[in-house]
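Here the structure comes first, spelled out in structure tokens, and everything after it is commentary.
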Amino acid sequence: CSVAKKELDDLEQWKKEHRPGPITLVPQRLGGNESEAQVRQNQQMLLMQSKYQKKNKREEYVKAKKAAEKAEILKKKAIQREKAERLEVKKRQEEMQRRKMLLEDQKYKTNELLNRLEVGLPKSDSCQIANPGPESTAWKRSHAYKQALREDENRRLEEMKQEQQRKAELLEFKQKQEEETRTRALKNEQRRVNNAFLDRLQNKTQTNNIYHPGYTG
């Protein structure tokens, strides 16, 4: 303990001997060359510049966001337009293919009809010209073709009339069935009401006979 106390005392003595002396500084002007008003004005300008920069950044961000959204919308519209154009092209191709098949079918039917007409044309006898000219043959073919078309049109009209007549007959038959069903249902309802009335009347008569044996109704 004495050794430790001696060491502490030596330390305190050393601190006293090595204590720093007073500091002497040359007087000088502090605070810079600007006044307080100028400093505050500069701070206000810096604050305004900071707000303006933030505002510009915010506006640029909004503009960039709107531009990105607009670009995305234009991209989607372009995709939809491209799909619509492809669909339209596909429809036109299908329509052209359908018309082509229809024309081929009409051409085949026309050729078939002309072949039948050519086979069925009357042959020239001794009273007619032995070698009819091409104009006469063409006129016969045209006349026969038109006549065949008229017959075909009349046949289709007749089929349409028959179809309309069948529909009218079917509708009339259906209406008759519905009317018979309603009449039958009405008769059944009337019969049910009459039977109920007769049952109530019979029950009342039986009750009166029980309590009035001499009553015969």
Side-chain angles (χ1 to χ4, degrees), residues 69-70 72-125 128 132 136-217:
E69 292 176 351
K70 185 176 181 180
E72 185 67 19
I73 292 173
L74 292 176
K75 182 180 178 181
K76 291 181 179 180
K77 287 184 178 180
I79 294 174
Q80 293 295 331
R81 184 168 56 252
E82 185 178 357
K83 289 182 179 179
E85 290 177 354
R86 287 202 300 265
L87 182 61
E88 185 66 22
V89 170
K90 185 178 179 181
K91 287 182 178 179
R92 287 199 298 267
Q93 291 177 351
E94 292 177 352
E95 182 66 18
M96 292 176 62
Q97 184 67 20
R98 188 184 66 83
R99 290 183 179 180
K100 183 179 178 181
M101 293 177 65
L102 181 61
L103 290 174
E104 290 179 354
D105 185 64
Q106 290 179 351
K107 184 178 179 181
Y108 172 77
K109 290 182 179 179
T110 302
N111 292 332
E112 185 179 2
L113 180 60
L114 291 175
N115 291 332
R116 291 202 306 269
L117 292 175
E118 186 176 1
V119 172
L121 284 176
K123 297 182 179 180
S124 59
D125 52 11
Q128 294 177 343
S136 177
T137 304
W139 180 85
K140 289 180 180 179
R141 290 183 178 179
S142 176
H143 179 71
Y145 176 69
K146 291 179 180 180
Q147 185 177 0
L149 289 179
R150 283 195 299 269
E151 292 176 354
D152 187 44
E153 184 68 21
N154 293 332
R155 180 180 56 79
R156 283 185 293 175
L157 291 175
E158 186 64 27
E159 290 178 355
M160 291 176 63
K161 289 180 181 179
Q162 292 178 1
E163 182 67 22
Q164 293 296 330
Q165 185 176 0
R166 285 195 297 271
K167 289 182 179 179
E169 293 175 353
L170 180 61
L171 180 61
E172 184 179 0
F173 177 73
K174 186 176 180 181
Q175 290 177 352
K176 287 183 179 179
Q177 283 186 336
E178 292 177 354
E179 184 66 26
E180 291 177 356
T181 302
R182 286 195 297 267
T183 303
R184 192 180 302 110
L186 182 60
K187 288 182 178 179
N188 292 333
E189 181 64 19
Q190 290 178 351
R191 188 180 298 108
R192 186 186 65 81
V193 173
N194 293 334
N195 291 333
F197 174 75
L198 293 175
D199 291 339
R200 288 196 301 270
L201 184 61
Q202 185 178 2
N203 292 333
K204 185 176 180 181
T205 302
Q206 291 176 357
T207 303
N208 291 333
N209 290 334
I210 292 173
Y211 291 100
H212 302 86
Y215 179 74
T216 60

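Keep in mind that the numbers below use all heavy atoms, side chains included, and drop hydrogens, waters and symmetry copies.
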Q.
Does R166 form a salt bridge (Lys or Arg N to Asp or Glu O under 4.0 Å) with E169? I'd like the steps, not just the answer.
A. CA-CA 5 Å; R166 285 195 297 271; E169 293 175 353; over 6 Å; no
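- Residues satisfying the salt bridge (charged side-chain N to carboxylate O under 4.0 Å, His left out) test with D105, not counting sequence neighbours, are K109.
- Partners of E158 according to the side chain to side chain contact (heavy atoms under 4.5 Å, CB included) rule, which considers only residues two or more places apart in sequence or in another chain, are K161, Q162.
- Under the 4.5 Å side-chain criterion, counting only non-hydrogen atoms from C-beta, Q97 is in contact with M101.
- Taking E151 as the reference, nothing meets the salt bridge (charged side-chain N to carboxylate O under 4.0 Å, His left out) condition, with sequence neighbours excluded.
- Paired with E163 under the rule side-chain contact (heavy atoms from CB on, under 4.5 Å), one option of Q165, K167, E159 passes, and it is K167.
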Atom pairs and distances, side-chain donor-acceptor, residues 72-88, under 3.5 Å, sequence neighbours left out:
unit_1 : atom_1 : unit_2 : atom_2 : d
E82    : OE2    : R86    : NH1    : 3.1

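- For the pairing with N188, the side-chain contact (heavy atoms from CB on, under 4.5 Å) check across Q190, R192, R184 returns one residue only, R184.
- Atom CZ of R191 sits about 10.5 Å away from atom CG of L186, to the nearest 0.5 Å.
- By the salt bridge (charged side-chain N to carboxylate O under 4.0 Å, His left out) test, R98 is found to be paired with E95, residues two or more places apart in sequence or in another chain being considered.
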Side chains of residues 171-183: which donor-acceptor partners sit under 3.5 Å, not counting sequence neighbours?
unit_1 : atom_1 : unit_2 : atom_2 : d
E179   : OE1    : R182   : NH2    : 2.5
T181   : OG1    : Q177   : O      : 2.8
T183   : OG1    : E179   : O      : 2.8

